[in-house]
Amino acid sequence: MNVLGIETSCDETACSVVRNGNVVRSNIISSSLALHARHGGIIPEIAFRAQLETITPVAEQALSQGKVRLDDIGLLAVTKGPGLLGSLLVGVSFAKAVALSRKIPLIGVNHLHAHMYSPFLTARRELPFISLVISGGHTSLYKVPASGEPALLGETLDDACGEAFDKVAKILGLGFPGGPAIEKAALSGDPEAIRFPRSNTRNEFDFSFSGIKTAVLYYWQKHGRKHTSRKHGKKTVADICASFQRAAFQPVIDKALAACARSRIRALAVGGGVAANGDLRSRLTVSAKKFGIQTLFPEKKYCTDNAAMVAGLAFHLFKEGMRSDLKLGTDLDERS
Ligand code: KG4
Ligand code: ZN
């Protein structure tokens with residue numbers, strides 16, 4: 001069965017045709033990121049205006065590149081939340097209109113559950129597994145059982161990990177989004193050069209990133225000028241990026257593995273924009289191997305927001321009997 005996935009929860013307008021949960025026939029993403037860059041963050045009004053303009057052409061392109069017509073689509077899948085209200089409404093309204101006019105079944109998908117599914121667009125899905133969703137909006141650990149809803153084990157108490165990368169990049173003048181820029185700069189830096197604090201939380205599976213971000217800010221205010229001076233050859237911006245990355249990821253690695261140990265589950269699936277980071281991928285994989293835990297990452301193009309993960313998950317939900325009706329609304333609560 002061909003599923004047309006629609007994802008408009010943040011800055012992207014994305015549509016994808018996926019057959020039987022894992023054969024990605026097209027994956028079209030149009031981003032308004034460039035329009036937000038000078039503001040240093042996403043402006044909701046700019047995002048949804050762009051989505052209103054792009055949703056129809058992006059859907060048409062997904063169909064034509066997937067070599068299917070609307071008549072070949074057996075299911076419409078749309079992100080219902082969490083996300084930006086105006087943006088979500090564009091996708092949900094569009095999906096409902098197509099469902100109504102073409103009599104195609106419809107499923108509203110939780111954006112986080114879609115990220116959790118993303119590694120399985122290219123790998124066999126075996127349940128149960130522990131899921132780490134690490135993105136610009138979320139940093140959460142879930143236990144995904146053999147049947148039923150994912151159970152939240154812990155989440156960030158303040159900034160999301162990707163958000164901390166974005167804020168640190170802004171402090172250092174590296175542009176937006178910050179994750180890829182920090183990863184690139186960190187490649188030539190020393191992760192041991194500066195010891196930024198590792199986060200500490202009361203619940204062992206919760207996260208906190210605001211302390212590390214503030215430590216970078218204070219460090220930069222105190223030593224920043226030296227880093228921009230050509231004469232200062234020792235600690236560079238690259239060292240700050242590498243040290244920040246090390247401090248941000250160490251608790252993530254430790255807590256994800258602890259969640260596997262506590263649940264006696266030997267599969268750890270990672271999803272979300274930060275899962276594209278090569279340092280996180282390699283260090284988590286090496287550490288997990290020592291405990292006999294298998295790590296599963298999405299292909300890099302399926303880490304950041306995309307509609308293939310929405311269509312892929314919806315195929316399985318449909319098989320389990322789930323359907324949405326035309327009363328489908330947006331869901332701003334993460335846990336729904
Ligand atoms: O999943 P996503 O596209 O959107 C949300 O649902 O939040 O994630 C975007 C986030 C941004 O904060 C971005 O800086 C971060 O993912 N990101 C990265 C990398 N690529 C994207 N963070 C660290 N390293 C990367 N390579
Ligand atoms: Zn996302």
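Residues take their numbers from the sequence shown, with the count starting at 1. Both counts, for ligands and for their atoms, begin at 1 and track the order of listing.
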Among protein heavy atoms, which lies nearest [atom], and at what distance?
atom                    : value
atom 11 (C) of ligand 1 : Asp166 OD2, 3.6 Å
atom 2 (P) of ligand 1  : Asp305 OD1, 3.5 Å
atom 15 (C) of ligand 1 : Val274 CG2, 4.0 Å
atom 24 (N) of ligand 1 : Asn277 ND2, 3.0 Å
atom 26 (N) of ligand 1 : Glu183 OE1, 2.7 Å
atom 9 (C) of ligand 1  : Gly136 N, 3.8 Å
atom 20 (N) of ligand 1 : Gly273 O, 3.4 Å

* Do other residues, nucleotides or ligands put more than 12 heavy atoms under 6.0 Å from Arg281 CZ? -> yes
* Tell me, yes or no, whether the heavy-atom count around Glu204 atom CD, taken from other residues, nucleotides or ligands under 6.0 Å, exceeds 12. => yes
* Asked: Taking the inter-plane angle between the rings of His113 and Tyr142 on a 0 to 90° scale, is it parallel (under 30°), tilted (30 to 60°) or perpendicular (over 60°)?
  -> perpendicular
Looking only at distance, does [X] have an N or O less than 3.5 Å from an N or O of ligand 1?
X      : answer
Gly179 : yes
Ala276 : no
Gly272 : no
Thr304 : no

* Phe207 ring centre to Lys255 NZ or CZ under 6.0 Å, with the angle to the axis within 45°? ->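 Satisfied, under 6.0 Å and within 45°.
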* Asked: Do Arg125 and Tyr117 meet the cation-pi criteria used here (NZ or CZ under 6.0 Å from the six-membered ring centre, within 45° of the axis)?
  -> no
* Asked: Is His115 close enough that one of its N/O/S atoms sits under 2.8 Å from the Zn ion (ligand 2)?
  -> yes
* Asked: Taking the Zn ion (ligand 2) as the vertex, what is the angle from OD1 of Asp305 to NE2 of His111, given to 10 degrees?
  ->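 Between OD1 of Asp305 and NE2 of His111, the angle at the Zn ion (ligand 2) is about 100°.
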* To do: May I ask you to decide if His115's main-chain N or O and Tyr302's side chain share a donor-acceptor pair within less than 3.5 Å?
  =>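 Side chain of Tyr302 to backbone of His115: no pair is present.
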